Amino acid sequence: MRGLKPVLEGRTIQSVSLRRDGLRFPFPADFAGRLSGQRIGNLTRRAKYILASLGSGDCLLVHLGMTGRFTVLPAQSEARNLGEFYFETGTEQGEGAHDHVVLTLDDGARVVYTDPRRFGIMDLFPEAEAGTHKLLSGIGIEPLGNELNADYLAEKFRGKAAPLKAALLDQKLIAGLGNIYVSEVLHRSGLSPKRKSGSLVHRKTHDPRLELLVRNIRDVLNEAIVAGGSTLQDFAHTDGAEGSFQQRFRVYDREGQPCAQCGAPILRLVQSGRSTFYCRHCQK
DNA sequence: AAAAGCCCCTGGACGC
DNA sequence: TGCGTCCAGGGGCTTT
């Protein structure tokens, strides 16, 4: 997103090459035609969606899914810096088996969308309908904004039977908290992923650990952003650089390793179909 | 209405 | 080296 913004904003899409009919869902009707020739305005983000407003009044929506990534190939004059890549792979970027969409901009740069598992999403809709878009309406608050506070969580958790892990992962409550970060947040907060979320809310007041939870959500996300995200296998920035937050994981993907706080082995369990990592001793 | 399961898809790691 | 199994960061959709 940060790498994409300066590349795309203010540019005009010269041409669009689609290598298949869609990703997770089929591309919208006349997708290439409605993108071509459009000037790109503001690039914004909502939850895990990238949104680009176009001169036509349409809005381009992109979700990277699990393995989606954008790579920017600068205009020809700078392209020689990437020569080493061509040599190593023997495949020109944009021509790979999983390069599904290539945008060519008016300055000659090419923006390649690559996504092996094709869990990503691209859609195009009138910007005025953003509020009612099926994928955008119902999305919860941003975790780094002022709306997230203990009172908000208390209101959402009250009477809720779902375990904390599921509640924090629920994008309808908080938008943009992923599986890795939920495990990390809960460990830092000393809260068991299995605990019923409603158990932190009492009749008139709420458990002070909700304040801690809020602080840790912010901390973990901010630290991950500073570290450039978590690169496990194929996450990367538009220039191919990898994130490094994975080096700071305290529990995620550390099953059997000693908890940094107490030395007990980190445990793994599956909740709503996804792995959770935690310390039975430190998290209650 | 909320919660759990299924599924989309490819590739990497691991055991034999 | 090859083959089968399991697992993966997301989340919509269907079922209970």
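All chains are named by letter (A, B, ...) in the order of the sequence lines, taking the proteins before the strands, and each is independently numbered beginning at 1. This structure is a prediction, so every number in the text was calculated from the model and none was measured.
Residue-level contact check: A/Ala166 touches neither bases nor backbone, having no heavy atom under 4.0 Å from any strand. At the heavy-atom level, A/Ile121 lies nowhere under 4.0 Å from the strands shown. Among the heavy atoms of the strands, none lies under 4.0 Å from A/Gly273.
Aromatic ring orientation, A/Phe31 versus A/Phe27: parallel (interplanar angle below 30°, classes split at 30° and 60°). Aromatic ring pairs are classed by plane angle as parallel below 30°, tilted from 30° to 60° and perpendicular above 60°; the pair A/Tyr252 and A/Phe277 is perpendicular. Ring planes of A/His63 and A/Tyr49: perpendicular class, angle over 60° (limits at 30 and 60°).
Rounded to an integer number of Å, the gap from CG of A/Leu169 to P of C/dG12 is 12 Å. Between the CD1 atom of A/Ile50 and the P atom of C/dG10 there is a distance of 14 Å, rounded to whole Å. Rounded to an integer number of Å, the gap from NZ of A/Lys48 to P of C/dG12 is 10 Å. In this structure, A/Met66 places its CE atom 14 Å from P of B/dG12, rounding to the nearest Å. With rounding to whole Å, A/Lys194 atom NZ is found 14 Å from B/dA4 atom P. For the pair A/Leu61 CG and C/dG12 C1', the computed distance is 14 Å after rounding to whole Å. As a whole-Å value, the separation of A/Gln171 CD from C/dG10 C1' is 8 Å. As a whole-Å value, the separation of A/Leu64 CG from C/dG11 C1' is 14 Å.
Comparing B/dA3, C/dG11, C/dA8 by their nearest atom to the side chain of A/Ser275 picks out C/dA8. Residue A/Pro116 places its side chain closer to B/dG11 than to any other of B/dC8, B/dG11, C/dG12. Each of C/dC13, B/dC8, C/dG12 was ranked by its minimum atom distance to the side chain of A/Lys134; first place goes to C/dC13. Considering only side-chain atoms of A/His98, the nucleotide from B/dT10, C/dG12, C/dG9 that sits closest is B/dT10.
Put simply, A/Phe119 rests on the base of B/dC8: the two rings are less than 5.5 Å apart at their centres and nearly parallel, under 30°.
Look at A/His63 and you won't find any side-chain N or O under 4.0 angstrom from OP1 or OP2 of C/dG12. A sub-4.0 Å separation between OP1 or OP2 of C/dG12 and a side-chain N or O of A/Tyr49 is present.
Within the shown strands, C/dT14 is the pairing partner of B/dA4 under the Watson-Crick or G-U definition, both distances less than 3.5 Å.
On a pure distance criterion of 3.5 Å, a polar donor-acceptor pair joins the side chain of A/Arg24 and the base of C/dG11. Between the side chain of A/Arg117 and the base of B/dC9 there is at least one donor-acceptor pair of N/O atoms closer than 3.5 Å. Between the side chain of A/Arg274 and the base of C/dG11, at least one donor-acceptor pair of N or O atoms lies under 3.5 Å.
Contact of the A/Asn42 side chain with the A/Glu9 side chain is registered, since non-hydrogen atoms from C-beta on lie closer than 4.5 Å.
Atom CZ of A/Arg118 and atom CZ of A/Arg24 lie 13.0 Å apart (nearest 0.5 Å).
Comparing the P positions of C/dC7 and B/dG5 gives a spacing of 15 Å, expressed to the nearest Å. Taking atom P in both C/dC3 and B/dC9, one finds a spacing of 23 Å when rounded to whole Å.
Salt-bridge annotation for A/Asp219 and A/Arg188: absent, with no side-chain N of the basic residue lying under 4.0 Å from a carboxylate O of the acidic one.
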